[in-house]
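Quick notes on the structure that follows.
Letters A, B, ... mirror the listed sequences (proteins, then strands); counts begin at 1.
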2 protein chains.
Amino acid sequence: MSGRANAGQSTLRSSNSSLALERLREMLDQDLSATDRQLPTERELSETLGVGRRAVRRALEVLESEGRIWRRQGSGTYVGPAPDKSGPVIDGLSSRSNFFEVMEVRLRIEPALAQLAALRATEDDIRHLRDLTRKISEAQDADSRELWDSALHRYIAQTAGNTLFLALFNIVDKVRQDPAWHHVREMARSQESRVLYTDQHDTIVAAIERRDPAGAEAAARQHILSLHERLLAVTAGGLSHAS
Amino acid sequence: MSGRANAGQSTLRSSNSSLALERLREMLDQDLSATDRQLPTERELSETLGVGRRAVRRALEVLESEGRIWRRQGSGTYVGPAPDKSGPVIDGLSSRSNFFEVMEVRLRIEPALAQLAALRATEDDIRHLRDLTRKISEAQDADSRELWDSALHRYIAQTAGNTLFLALFNIVDKVRQDPAWHHVREMARSQESRVLYTDQHDTIVAAIERRDPAGAEAAARQHILSLHERLLAVTAGGLSHAS
DNA sequence: ACGGATTTGTCCGTATGTATC
DNA sequence: TGATACATACGGACAAATCCG
């Protein structure tokens with residue numbers, strides 16, 4: 001009579017304790033409001049999550065070191081004060097993000113995308129990019145200008161040829177286009193910085209065209225920085241500390 | 001793949017692993033409805049199929065690279081998800097392509113997060129980061145090592161203090177922990193690069209501690225590059241002969 | 001104050017995959 | 001190919017701590 005292998009249990013999932021950690025994080029995020037709540041016992045969790053008790057304990061150790069839970073021998077495991085730092089859900093991201101966050105991310109994402117685009121753009125891609133810059137400059141009203149501008153940035157992201165990176169870009173773009181910030185964009189676009197942006201777009205596309213990753217990256221960074229600066233000036237009244 | 005026509009009752013004791021592979025495929029096709037099922041042990045299969053354990057293991061390696069099964073040391077071999085795939089071709093290559101994508105993104109995301117963390121870490125954050133690096137080095141088994149490693153990277157992302165950036169990190173981390181990568185991670189962890197990674201972790205945390213954004217960024221980039229190199233070697237060795 | 005019940009903490013035996021000869 | 005040593009995982013058993021009646 002030795003330990004039966006886990007012949008019966010249903011959901012024995014993928015790999016290791018990281019799976020248990022992931023599930024436990026979700027569990028904690030659900031009970032986010034309820035503090036001082038008691039979690040199931042380790043043995044229950046072991047059965048529920050379909051992993052061994054050692055894996056559960058390892059995951060709990062991590063959560064305990066993060067302060068999300070707190071254990072007491074003989075008593076149980078309890079959820080601790082939830083740090084609002086961890087935001088797992090994408091919904092409601094817009095409300096929690098602010099302009100600084102978005103620009104901070106764009107400043108890192110878009111130069112990288114431009115760099116990759118310079119490495120992987122086909123002739124058709126470059127033609128399309130040129131076409132988009134032309135459409136931006138030819139746009140008569142501000143609305144279509146922003147539309148084509150967004151299309152250009154998106155096409156650069158597509159040209160980068162990394163589906164995961166594109167997915168991240170889509171998320172950022174979604175937050176960026178949040179209706180709550182419409183008025184800010186409205187104010188920014190009314191400036192006469194159109195020529196500057198047009199030039200910068202051309203610079204980026206030109207670098208991509210001559211397969212210059214570093215140049216494309218620098219140009220894109222400069223472009224985002226200009227945007228940042230402009231938006232900072234526009235919103236100067238409401239937001240103070242820029243660190 | 002040579003002749004697979006000898007499905008019949010050939011008496012030649014071709015203990016070839018292709019025979020085992022064929023039998024195992026039939027076995028999986030029968031159980032295709034039942035997912036999460038545990039297969040017989042390698043020793044049992046070796047006896048049942050009448051071939052050596054090496055042949056069984058070679059066949060199982062192929063099936064694992066296709067994602068049809070996944071194995072866990074100390075536990076057993078289990079049938080994986082998604083058996084319905086008309087194209088029996090390169091499923092392993094798709095995972096490799098995803099692998100490149102993930103590393104390409106991590107190479108851009110994580111240095112930026114380390115840079116921001118260096119700007120915004122509190123004393124408590126730094127203490128926790130130091131604690132995590134210590135936990136990694138003190139971990140006895142590979143599983144908890146990987147767990148603490150993941151916790152360190154995640155905490156750096158949290159310390160960066162940008163909820164949008166953290167959301168992106170979470171997405172990448174989710175993809176990275178996909179069950180399909182089990183094989184890669186398992187092989188990577190068996191490598192003896194622990195000291196190197198420990199040093200790199202210390203370098204990153206030290207840069208954060210002395211508020212050196214550029215240093216933290218460079219250290220994180222170097223760390224991801226090392227990981228990339230290691231995983232490249234692993235995948236290259238697993239799919240074909242290394243040069 | 002006491003004791004049984006429950007839970008986390010710890011250790012070990014067995015089983016299984018991994019690696020090497 | 002076969003056999004052996006190794007690393008890991010799982011479950012059980014026991015100890016320590018806590019809770020509750």
Side-chain angles (χ1 to χ4, degrees), chain A residues 1-21 24 36-65 69-80, chain B residues 12-20 24 36-65 69-80 139-147 182-192 194 234 237-238:
Chain A
M1 263 29 129
S2 51
R4 290 277 308 113
N6 46 3
Q9 254 332 318
S10 51
T11 51
L12 187 61
R13 252 335 194 167
S14 77
S15 48
N16 38 8
S17 49
S18 64
L19 202 285
L21 217 184
L24 285 171
D36 276 357
R37 233 182 69 89
Q38 188 167 12
L39 269 68
T41 70
E42 293 178 355
R43 289 175 176 81
E44 275 181 273
L45 287 175
S46 169
E47 200 163 341
T48 302
L49 302 178
V51 300
R53 196 169 153 228
R54 297 252 340 231
V56 172
R57 298 198 92 258
R58 276 199 275 260
L60 290 178
E61 282 174 33
V62 174
L63 292 172
E64 187 179 29
S65 86
I69 65 168
W70 151 67
R71 296 183 287 177
R72 254 171 61 190
Q73 183 178 175
S75 178
T77 305
Y78 305 87
V79 318
Chain B
L12 52 100
R13 51 149 196 64
S14 79
S15 299
N16 209 334
S17 52
S18 61
L19 174 61
L24 284 171
D36 278 354
R37 240 182 67 91
Q38 186 170 14
L39 271 69
T41 71
E42 291 180 354
R43 293 171 175 83
E44 278 182 89
L45 286 175
S46 170
E47 197 166 344
T48 303
L49 302 178
V51 300
R53 217 160 81 100
R54 286 289 294 265
V56 172
R57 285 185 57 73
R58 272 197 284 266
L60 290 177
E61 282 173 29
V62 174
L63 291 173
E64 186 179 32
S65 79
I69 64 168
W70 57 274
R71 297 181 286 178
R72 195 130 126 100
Q73 184 176 201
S75 180
T77 304
Y78 305 87
V79 319
Q140 293 301 319
D141 54 295
D143 190 55
S144 57
R145 236 190 331 268
E146 178 173 321
L147 209 63
H182 176 73
H183 181 237
V184 178
R185 290 199 309 275
E186 199 72 24
M187 292 193 67
R189 68 163 55 157
S190 68
Q191 304 292 335
E192 273 310 313
R194 286 158 45 184
V234 168

Item checked: Under 4.0 Å protein heavy-atom contact, by nucleotide of nucleotides 2-7 of chain C - B base, S sugar-phosphate only -> ----BB
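For A:Gln38, there are no side chain to side chain donor-acceptor pair (under 3.5 Å) partners two or more places apart in sequence or in a different chain.
Here D:dT1 presents its C1' atom at 15 Å from CD of B:Glu47, a figure rounded to the nearest Å. In this structure, CD of B:Gln140 is placed 17 Å from P of D:dC6, rounded to the nearest angstrom. One atom, CD1 of A:Ile69, and another, P of C:dT8, lie 10 Å apart when rounded to the nearest Å. C:dT18 atom P lies 14 Å from atom CZ of B:Arg58, rounded to whole Å. Across the protein-nucleic acid pair, B:Glu64 atom CD and C:dT16 atom P stand 18 Å apart, rounded to whole Å. With rounding to whole Å, A:Leu49 atom CG is found 16 Å from D:dA9 atom P. Between the CZ atom of B:Arg57 and the P atom of C:dT20 there is a distance of 11 Å, given to the nearest Å.
Checking the phosphate oxygens (OP1, OP2) of C:dT16, no side-chain nitrogen or oxygen of B:Arg71 falls inside 4.0 Å. Phosphate proximity of D:dA3 to B:Arg53: absent, as no side-chain N or O sits under 4.0 Å from OP1 or OP2.
Using a distance-only test at 3.5 Å, with no hydrogens or angles considered, a donor-acceptor pair links the side chain of B:Thr41 to the main chain of B:Glu44.
With values rounded to the nearest 0.5 angstrom, B:Ile69 atom CD1 is found 6.5 Å from B:Leu39 atom CG.
Among the candidates B:Gln73, B:Arg71, B:Arg72, the single residue satisfying the side-chain contact (heavy atoms from CB on, under 4.5 Å) test with B:Ser75 is B:Arg72.
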Listing, residues 49-63 of chain A side-chain donor-acceptor contacts under 3.5 Å, not counting sequence neighbours, or none:
unit_1, atom_1, unit_2, atom_2, d
A:Arg53, NE, A:Glu42, OE1, 3.0
A:Arg53, NH2, A:Glu42, OE1, 3.1
A:Arg57, NE, A:Glu42, OE1, 3.1
A:Arg57, NE, A:Glu42, OE2, 3.3
A:Arg58, NE, B:Asp143, OD2, 2.9
A:Arg58, NH1, B:Asp141, OD2, 2.8
A:Arg58, NH2, B:Asp143, OD2, 3.3

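Along DNA chain D, the nucleotide nearest to A:Ser46 and the one nearest to A:Tyr78 differ in position, and the one closer to the 5' end is contacted by A:Ser46.
Using a 4.5 Å heavy-atom threshold, the side chains of A:Leu24 and A:Leu45 count as touching.
For C:dA1, there is no paired base (Watson-Crick or G-U wobble, both distances below 3.5 Å).
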